[in-house]
Structures are given as C-alpha cells and as structure tokens.
Amino acid sequence: MSFRFNFVIDENENNEPDTNDKMDLQLCSSKQKQESAEKSKQAPDTVADSSLRPGTDKHQDETPSKFCLKAAKEHDIPEDFNKVLENKVLETVSDLYYINMSAVELTCLDGSDEEGIVSKSVSSHSDLIPGVYEGGLKIWECTFDLIDYLSEAETEFTNKTVLDLGCGAGLLGIVALRGKAEKVHFQDYNSTVIDKITLPNVVANCLKAGSRRDSGDSKPPSKRPRKVECFPDMLTKCRFFSGEWSEVSQLLLSSNKPLSKYDIILTSETIYNPDYYSALHDTLAQLLDRNGRVYLASKAHYFGVGGGIYLFEKFFEERNVFRSSIVKIIDKGLQRCIMEIAFKDSS
C-alpha cells in the first residue's frame with residue numbers, strides 16, 4: 001500500500017549535517033539561535049553543547065529537590081500519516097531522517113502546544129526548565145556518540161525489545177527499529193515532544209523514498225514533494241509514552257497490554273541532574289530484563305548542575321543492584337562516555 005505525503009526532504013550532498021551541527025544539533029528557530037549566540041557571548045561557560053544541559057545561568061541553581069511526578073500517558077499512532085508529516089521539512093543525520101523544528105515551533109507558538117514548553121523555552125532562553133521541560137526539543141551530542149558506538153560494537157537488535165528512554169527526537173530507537181528490533185518503545189518527559197517531534201521522526205523513517213537511496217544518484221535531491229511508500233508493519237512495533245519515569249513504569253507494568261521487559265534500554269544525556277538518579281535507577285530495575293543491557297551516553301560532568309558519568313557510576317555501585325562499565329571514552333572537547341549497565345546476577 002502506498003501513501004502520498006505533503007512534505008519535503010532537505011539533504012546536503014553528504015547526507016550529513018554541518019560539522020558544527022553534528023557536534024550539537026539544535027532544533028531551534030533562527031531567532032532562537034541568534035538569541036542563544038548572544039547569550040553565549042555574555043556567558044560563555046553556559047553553552048549547552050560543551051558541558052551544561054541547561055542553557056542559561058538562570059536555571060543552574062533551580063534544580064528540583066525531587067523529580068516532578070508528571071503523569072504518564074500513552075500516545076496513539078495517528079492513522080493519517082499525511083497529518084503527521086504535513087508541512088514538515090525533513091533533514092538527515094547519520095542516515096536518519098528528522099524533522100526541522102522551525103515550522104514546528106511556529107505552530108506551537110500559535111497555540112498547538114498544550115504544555116507551552118516552546119514559548120517557555122524561548123522566553124527563558126533555556127534548553128531546560130526543571131519539572132516543566134526536560135530538553136527534548138534538542139538533539140544532544142552524546143546521542144551521536146551512542147549511535148556510533150552501537151554501530152562499532154555491532155549491537156544486535158534483531159528480535160529484541162528496546163526502550164528509548166528520554167528519547168527526544170527518537171534517533172536511538174529508530175536505529176533499533178532499523179536494526180529489526182521486535183518492539184521499540186519511546187519515552188519522553190514531555191507529551192509535546194512525543195507528538196510534535198518523536199512520532200513524526202519515526203513515521204518519516206518508516207518511509208521508503210524513491211530517491212537517491214534507491215537510485216544510487218549521488219546528487220542531492222531538490223526540495224520538492226515526493227511520493228513515498230510506507231511500511232506500517234514497522235510502526236506496529238512501536239509504542240510512545242510521555243511522563244516522568246516512575247509514572248511511565250507504573251503505566252507499563254499495570255497495563256492490560258502484555259509487556260515483555262526490555263532486552264535493551266538506550267538513553268542519552270539523562271543523568272545531568274543527580275536528583276533524578278534514584279528515579280532512573282528504579283525505572284531500569286523495574287523494566288530491564290534480567291539478562292538485558294542498558295547503553296547510556298553522557299558527558300563526564302555537567303557543570304552548574306552537578307551530574308555526570310562518574311557520579312552516576314558511584315550512585316549505582318552504592319545501590320548494589322547493577323554492574324556497570326565504561327566501554328568508550330570520547331576525549332574530543334569535553335570528555336564524554338558510553339556506559340554499559342546490567343544486573344549483577346545476569347549472565
């Protein structure tokens with residue numbers, strides 16, 4: 001069955017983002033980028049892609065004493081894919097499609113964002129508002145580190161059940177989906193992120209475009225609507241959830257839908273705030289299969305917030321439930337790491 005969509009694909013010649021974008025690909029409008037640049041000149045130590053998840057000094061000291069228990073919700077996959085991708089511009093990174101955020105932001109500013117996170121993020125000049133918006137409108141650089149590691153390690157997803165935890169754009173889960181995972185579930189704190197970012201990205205990557213990918217044409221395509229063929233069987237493997245981690249865990253475990261615990265949990269840049277470590281630990285303990293693996297990507301330290309890979313490693317050691325090992329260190333710029341986590345009694 002084929003479908004016609006009203007969207008365009010914007011690719012560069014190498015099917016990769018610019019160098020600066022790949023280091024920290026920010027899904028934001030030109031206006032926001034200009035504001036961020038001006039802010040960076042005033043306070044260079046607060047640039048998000050170097051060490052700090054929040055975007056400004058204003059929020060460095062406003063981390064909550066506990067994780068806000070935002071209610072969990074499962075999001076339905078719309079039947080009309082035209083609506084999901086309507087007026088979207090697709091770009092590519094690491095051979096994955098993702099939607100450009102500019103048009104989405106304009107739509108949200110017009111009132112379609114019930115949470116109001118876009119307007120709040122713009123007005124506060126921040127990539128993070130604790131308990132309100134947890135950064136899902138941006139693709140953080142450690143995501144690319146983990147994508148690279150999964151490829152290098154030849155991680156096997158075939159017939160696996162996978163969770164993309166704190167998914168944002170959902171690129172990690174999409175990698176698993178393309179790797180023939182049996183099921184892939186996506187979770188983000190904000191429902192706006194799931195509806196406006198994650199779901200469209202997953203739909204876009206379940207499409208087969210009659211383009212250079214099939215024809216072998218090395219020239220970048222022009223910006224024009226394309227006829228595309230959809231593979232709905234891939235989408236039937238997916239479920240989408242928003243809400244705080246413990247609330248989502250409770251929803252999954254109490255659901256009348258059968259749940260197999262996850263063979264693989266993927267998560268990137270989710271340990272910036274030590275106040276969240278207990279909730280993350282318990283979520284992994286509840287949802288990971290006894291012989292499953294967690295692959296976590298993080299900066300060594302998040303200045304101004306206090307979190308980081310080594311503090312997180314110490315926290316897990318003290319709980320004595322999991323064993324962990326740092327399987328890759330990236331020393332370009334601020335040190336970043338990939339950690340593998342498993343139950344202590346697992347095989």
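As the structure is a prediction and not an experimental result, all values here were calculated from the model.
A donor-acceptor pair under 3.5 Å is formed between the side chain of E156 and the backbone N or O of T158. The backbone N or O of L165 lies less than 3.5 Å from a partner atom in the side chain of T267, making a donor-acceptor pair. The backbone N or O of C142 lies less than 3.5 Å from a partner atom in the side chain of E269, making a donor-acceptor pair. Remark: side-chain polar atoms of D188 are paired, donor with acceptor, to backbone N or O of N190 under 3.5 angstrom. Side chain of N205 to main chain of Y97: a donor-acceptor pair is present (N/O by atom type, distance under 3.5 Å, no hydrogens or angles). Side-chain N or O atoms of S346 include none that pairs as donor or acceptor with a backbone N or O of N291 at under 3.5 Å. Judged purely by atom type and a 3.5 angstrom limit, Y302 uses its side chain to pair as donor or acceptor with the backbone of K299. In terms of modelled atom types and a separation under 3.5 Å, the side chain of N201 and the main chain of A169 share a donor-acceptor contact. Looking at Q187, its side chain does come within 3.5 Å of a backbone N or O of G243 through a donor-acceptor pair. In this structure a side-chain-to-backbone donor-acceptor pair under 3.5 Å is missing from R336 to I329.
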- Between R293 and T155, is a side-chain hydrogen bond (donor to acceptor under 3.5 Å, both in side chains) present by the stated rule, with each step listed? CA-CA 11 Å; R293 294 291 185 273; T155 305; over 6 Å; no
- Yes or no on side chain to side chain contact (heavy atoms under 4.5 Å, CB included) for K261 and L288, after CA distance, side-chain angles and deciding distance? CA-CA 5 Å; K261 292 197 174 183; L288 185 66; over 6 Å; no
- Query: Would R239 and E74 satisfy salt bridge (charged side-chain N to carboxylate O under 4.0 Å, His left out), going step by step from the backbone distance to the final call?
  - Reply: CA-CA 8 Å; R239 293 174 70 183; E74 180 164 5; 2.9 Å; yes
- Check the pair I330, K328 against side chain to side chain contact (heavy atoms under 4.5 Å, CB included), reporting the backbone distance first and the verdict last. CA-CA 7 Å; I330 301 98; K328 184 177 180 180; 4.1 Å; yes
- Item | side chain to side chain contact (heavy atoms under 4.5 Å, CB included) between Y277 and F316, worked out | CA-CA 9 Å; Y277 288 2; F316 263 46; 5.8 Å; no
- Test K160 against D289 for salt bridge (charged side-chain N to carboxylate O under 4.0 Å, His left out), laying out the working first. CA-CA 11 Å; K160 302 291 187 182; D289 183 79; over 6 Å; no
- side chain to side chain contact (heavy atoms under 4.5 Å, CB included) between T198 and F240, worked out: CA-CA 8 Å; T198 317; F240 299 85; 4.1 Å; yes
- Query: So H75 and F186, ring-ring contact (aromatic ring centres under 6.0 Å, His included) or not? Walk me through it.
  - Reply: CA-CA 10 Å; H75 296 245; F186 299 82; over 10 Å; no
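The hydrophobic cluster containing I99 does not contain L106, counting ILVMFWY residues as joined when their side-chain heavy atoms lie under 4.5 angstrom apart, directly or transitively.
Of all heavy-atom pairs spanning V132 and K120, the tightest one is CG1-CD, 3.9 Å. The two residues K83 and K88 have their closest heavy-atom pair at O-NZ, 4.5 Å. Of all non-hydrogen atoms in V184 and G173, the two that sit nearest each other are CG1-O, 3.6 Å. Nearest heavy atoms, P200 versus I194: CD-O, 4.1 Å. The minimum heavy-atom distance linking A279 with E244 is given by the pair CB-OE2, 3.8 Å. For E247 against K70, the heavy-atom pair with the smallest separation is CG-O, 3.4 Å.
At least one side-chain heavy atom of L287 sits under 4.5 Å from a side-chain heavy atom of L163. Two residues are said to be in side-chain contact when any heavy atoms from C-beta on lie closer than 4.5 Å; F315 and S278 meet this criterion. Within the 4.5 Å cutoff, side-chain heavy atoms of N320 are placed close to those of K344. With a 4.5 Å cut-off on side-chain heavy atoms, S268 and L172 count as touching. The side-chain heavy atoms of C206 and L177, taken from C-beta on, include a pair separated by under 4.5 Å. In this structure, K183 and Y262 have side chains that are not in contact, with every pair of non-hydrogen atoms separated by 4.5 Å or more. In this structure, F81 and L235 have side chains that are in contact, with non-hydrogen atoms separated by less than 4.5 Å. By the 4.5 Å heavy-atom criterion applied to side chains, D282 and W245 are not counted as neighbours.
A distance of 5.5 Å separates CG in L96 from CG in L171, rounded to the nearest 0.5 Å. Summarising the geometry, atom OG belonging to S151 is positioned 11.0 Å from atom CG belonging to L146; distances are rounded to the nearest 0.5 Å. Distance check, rounded to the nearest 0.5 Å: CG of D275 to CG of L280 gives 13.0 Å. Of the inter-residue distances, the one linking S94 atom OG with F144 atom CZ reads 5.5 Å to the nearest 0.5 angstrom. The line from OG of S246 to CG of L251 is 11.5 Å long, rounded to the nearest 0.5 Å. Taking CD of E313 as the start and SG of C337 as the end, the distance is 9.0 Å to the nearest 0.5 Å.
Stacking of K180 on the aromatic ring of F157 is not recorded, the 6.0 Å distance cut-off and the 45° axial limit not both being met.
Not counting sequence neighbours, Y310 has no partner by the ring-ring contact (aromatic ring centres under 6.0 Å, His included) test.
When only modelled atom types and interatomic distance are considered, D113 and T192 share a side-chain donor-acceptor pair under 3.5 Å.
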